Structures are given as C-alpha cells and as structure tokens.
Amino acid sequence: MAMAKSKTLFSIFFIPLLFSTLITAKDPRFDRSLSPKSLGLRKEKLSHLHFYFHDILSGQNPTAVRVAQAAMTATSPTFFGAVMMADDPLTVGPEPNSKVIGKAQGIYASASQKDLGLMMMLNFAFMEGKYNGSTVSLLGRNAVFSGVREMSIVGGSGVFRFARGYAQAKTFWLNTTSGDAIVEYNVYVLHY
C-alpha cells in the first residue's frame with residue numbers, strides 16, 4: 001500500500017516536471033544579453049545639429065500634402081484631423097536655395113481642437129558629410145504658435161544608432177494664407 005502511494009505521488013510530481021522540462025528544452029530563446037562593445041559601440045557623444053526645415057504646401061511642387069482628414073476638418077479653426085505627409089528639404093540656411101543637407105520625411109497631423117497643435121512623426125534623413133545615410137527620428141507635440149517648441153528624439157540609424165535627445169523648433173517664416181513655413185531646428189542628440 002505504501003509502495004502504491006509513493007508511485008502515485010511520484011507520478012503526480014515527476015511526470016509533469018519532466019514534461020515541462022522537455023517542452024522548455026525545445027523552446028528556443030528569443031533574447032540574450034550583449035555587451036555594447038560587441039556591436040562596435042564606444043563612448044557616447046553629444047551632437048548638436050542646426051538646420052532649416054522648409055514645409056511647402058502651395059505651388060506646383062509641394063513638399064507636404066494632405067493625405068487624410070476628418071469630416072469636421074474643413075470647419076475646424078485648427079484643422080483638427082488633417083494628416084499631412086512630408087518630404088521637406090533640410091537646409092544649412094533659411095533661404096530656399098540654401099544647400100540641402102537632408103530631408104524631413106514622415107507624417108504630421110493636427111491633433112488639437114483648441115489650438116494649432118501638431119503631432120509630429122518625422123525622420124530627419126541626412127545626405128551630407130559624415131551623417132550621409134543616417135537618420136534621427138523625432139516624435140512629439142508641436143504647438144505651432146509657441147515661440148520655441150520642444151520635441152523628443154526617440155531613435156536613429158547609421159551614425160545615430162541608439163540616439164536619444166530633443167529638438168527645439170522655432171518658426172523663422174510663415175505664410176498664414178498658404179501654410180508654407182520655414183522652421184529653424186536645433187537638435188541635441190546623444191549617440192555612439
């Protein structure tokens with residue numbers, strides 16, 4: 001009787017443990033810890049990028065176009081619900097013919113019913129110098145009529161892998177009729 005009881009207890013505890021061990025042993029891992037050096041990461045740097053963003057909505061060759069809107073957008077004083085796709089030039093100076101160093105590519109949308117507040121999701125894709133082929137990703141709220149707006153840098157690629165930081169945007173010029181704008185950006189990025 002004691003032998004039967006011990007076999008039953010053995011079966012109750014050992015068989016499920018054996019079964020779970022076999023299942024776990026065959027389950028491949030999807031994560032592992034790495035040393036930053038194994039990816040070639042060295043000492044972290046802080047870079048300051050300064051450029052001008054040209055957002056042109058008018059004319060024959062706009063650099064930003066509306067791709068969606070809500071039913072109420074046309075009557076909203078803040079264009080609430082308007083979604084824009086941008087491929088805006090980034091230049092060294094504010095002049096439209098200034099040297100192009102990259103593009104601001106992504107989406108921005110009017111996300112506020114009370115004031116002109118944009119939700120920005122952009123990649124600054126650089127095409128010049130040591131940053132050629134690298135990107136910095138921006139995400140944040142752009143309160144258009146504030147003097148200086150601050151948005152987050154949430155990542156990057158190339159030279160800017162593992163980037164984080166912030167961007168300050170300041171309107172340099174705005175045509176309130178067409179919506180065309182030139183915006184000065186100061187971007188502070190921590191990266192390897």
Side-chain angles (χ1 to χ4, degrees), residues 31 33-57 61-68 79 82-112 115-174 179-192:
D31 68 327
S33 295
L34 292 175
S35 160
K37 288 182 182 180
S38 71
L39 294 176
L41 302 177
R42 294 181 183 89
K43 186 177 178 189
E44 197 169 41
K45 301 176 252 198
L46 175 63
S47 294
H48 172 224
L49 308 172
H50 178 258
F51 49 81
Y52 291 84
F53 168 101
H54 297 259
D55 194 45
I56 309 303
L57 309 178
N61 296 308
T63 62
V65 295
R66 188 176 296 187
V67 294
F79 306 103
V83 179
M84 305 292 289
M85 181 66 68
D87 185 22
D88 293 338
L90 303 176
T91 62
V92 172
E95 304 80 18
N97 61 350
S98 184
K99 181 179 181 178
V100 176
I101 58 162
K103 296 286 192 117
Q105 298 173 325
I107 295 172
Y108 61 89
S110 181
S112 176
D115 60 355
L116 193 52
L118 304 176
M119 206 284 269
M120 310 281 288
M121 296 173 289
L122 296 172
N123 285 316
F124 296 134
F126 298 102
M127 308 179 312
E128 270 301 312
K130 65 182 178 181
Y131 302 132
N132 185 20
S134 297
T135 65
V136 171
S137 299
L138 175 139
L139 175 66
R141 183 175 192 274
N142 184 348
V144 175
F145 293 118
S146 294
V148 176
R149 290 87 71 190
E150 188 170 300
M151 292 163 275
S152 300
I153 298 301
V154 296
S157 67
V159 172
F160 298 112
R161 286 184 190 132
F162 296 100
R164 67 188 191 287
Y166 69 98
Q168 290 180 324
K170 181 179 178 184
T171 302
F172 179 82
W173 174 80
L174 173 65
D180 294 353
I182 299 172
V183 180
E184 180 180 13
Y185 271 85
N186 281 288
V187 180
Y188 302 90
V189 185
L190 283 165
H191 62 98
Y192 289 95

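No experiment lies behind these values; they were computed from the predicted model shown.
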Contacts under 3.5 angstrom, residues 85-93 side chains, donor-acceptor by atom type, not counting sequence neighbours:
| from | atom 1 | to | atom 2 | distance (Å) |
| --- | --- | --- | --- | --- |
| Asp87 | OD1 | Gln105 | NE2 | 3.0 |
| Asp88 | OD1 | Thr63 | OG1 | 2.6 |
| Thr91 | OG1 | His54 | NE2 | 2.7 |
| Thr91 | OG1 | Gly93 | O | 2.5 |

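Annotation for Leu174 and Gly179: closest pair CD1-O, 4.2 Å, computed over non-hydrogen atoms. Smallest separation of non-hydrogen atoms from His191 and Ser47: NE2-OG, 2.7 Å. Heavy-atom minimum distance, Ala169 versus Met151: CB-CE, 3.7 Å. Across all their heavy atoms, Pro94 and Ile182 have their closest contact at O-CD1, 3.4 Å.
Each ring-ring contact (aromatic ring centres under 6.0 Å, His included) pair with one or both residues in residues 131-151, not counting sequence neighbours, appears once here: Tyr131-Phe160. The list of side-chain hydrogen bond (donor to acceptor under 3.5 Å, both in side chains) pairs with a residue in residues 149-159, not counting sequence neighbours, reads Thr135-Ser157, Asn142-Arg149, Arg149-Thr171. The salt bridge (charged side-chain N to carboxylate O under 4.0 Å, His left out) pairs that include a residue from residues 36-52 are Glu44-Arg164, where partners are two or more places apart or lie in different chains. Pairs engaging residues 118-138 under the salt bridge (charged side-chain N to carboxylate O under 4.0 Å, His left out) rule: Lys99-Glu128 [sequence neighbours left out].
Every residue two or more places apart in sequence or in another chain that forms a salt bridge (Lys or Arg N to Asp or Glu O under 4.0 Å) with Arg141 is listed here: Asp115. Under the rule for a ring-ring contact (aromatic ring centres under 6.0 Å, His included), the partners of Phe53 that lie at least two apart in sequence or sit in another chain are Tyr185. Scored by the side chain to side chain donor-acceptor pair (under 3.5 Å) test, Arg161 finds no partners at all (sequence neighbours excluded). With sequence neighbours left out, Asp180 forms a side chain to side chain donor-acceptor pair (under 3.5 Å) with Ser58, Ser178. Under the rule for a side chain to side chain donor-acceptor pair (under 3.5 Å), Asn61 has no partner lying at least two apart in sequence or in another chain. With sequence neighbours left out, the ring-ring contact (aromatic ring centres under 6.0 Å, His included) criterion links Phe172 to Tyr52. Residues passing the ring-ring contact (aromatic ring centres under 6.0 Å, His included) test with Tyr166, sequence neighbours excluded: Tyr188.
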- Let me see the working for Val183 and Asp55 under side-chain contact (heavy atoms from CB on, under 4.5 Å), right down to the final yes or no. CA-CA 8 Å; Val183 180; Asp55 194 45; 5.9 Å; no

- Would you check, one step at a time, whether the test side-chain contact (heavy atoms from CB on, under 4.5 Å) holds for Leu39 with Phe162? CA-CA 11 Å; Leu39 294 176; Phe162 296 100; 4.2 Å; yes

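With values rounded to the nearest 0.5 angstrom, Met119 atom CE is found 6.0 Å from Leu139 atom CG. Annotation: the span from Leu122 atom CG to Tyr108 atom OH amounts to 9.0 Å, rounded to 0.5 Å.
Contact of the Leu118 side chain with the Ser110 side chain is registered, since non-hydrogen atoms from C-beta on lie closer than 4.5 Å. A heavy-atom distance below 4.5 Å is found between the side chains of Glu184 and His50.
The backbone N or O of Val159 sits less than 3.5 Å from a side-chain atom of Ser134, completing a donor-acceptor pair.
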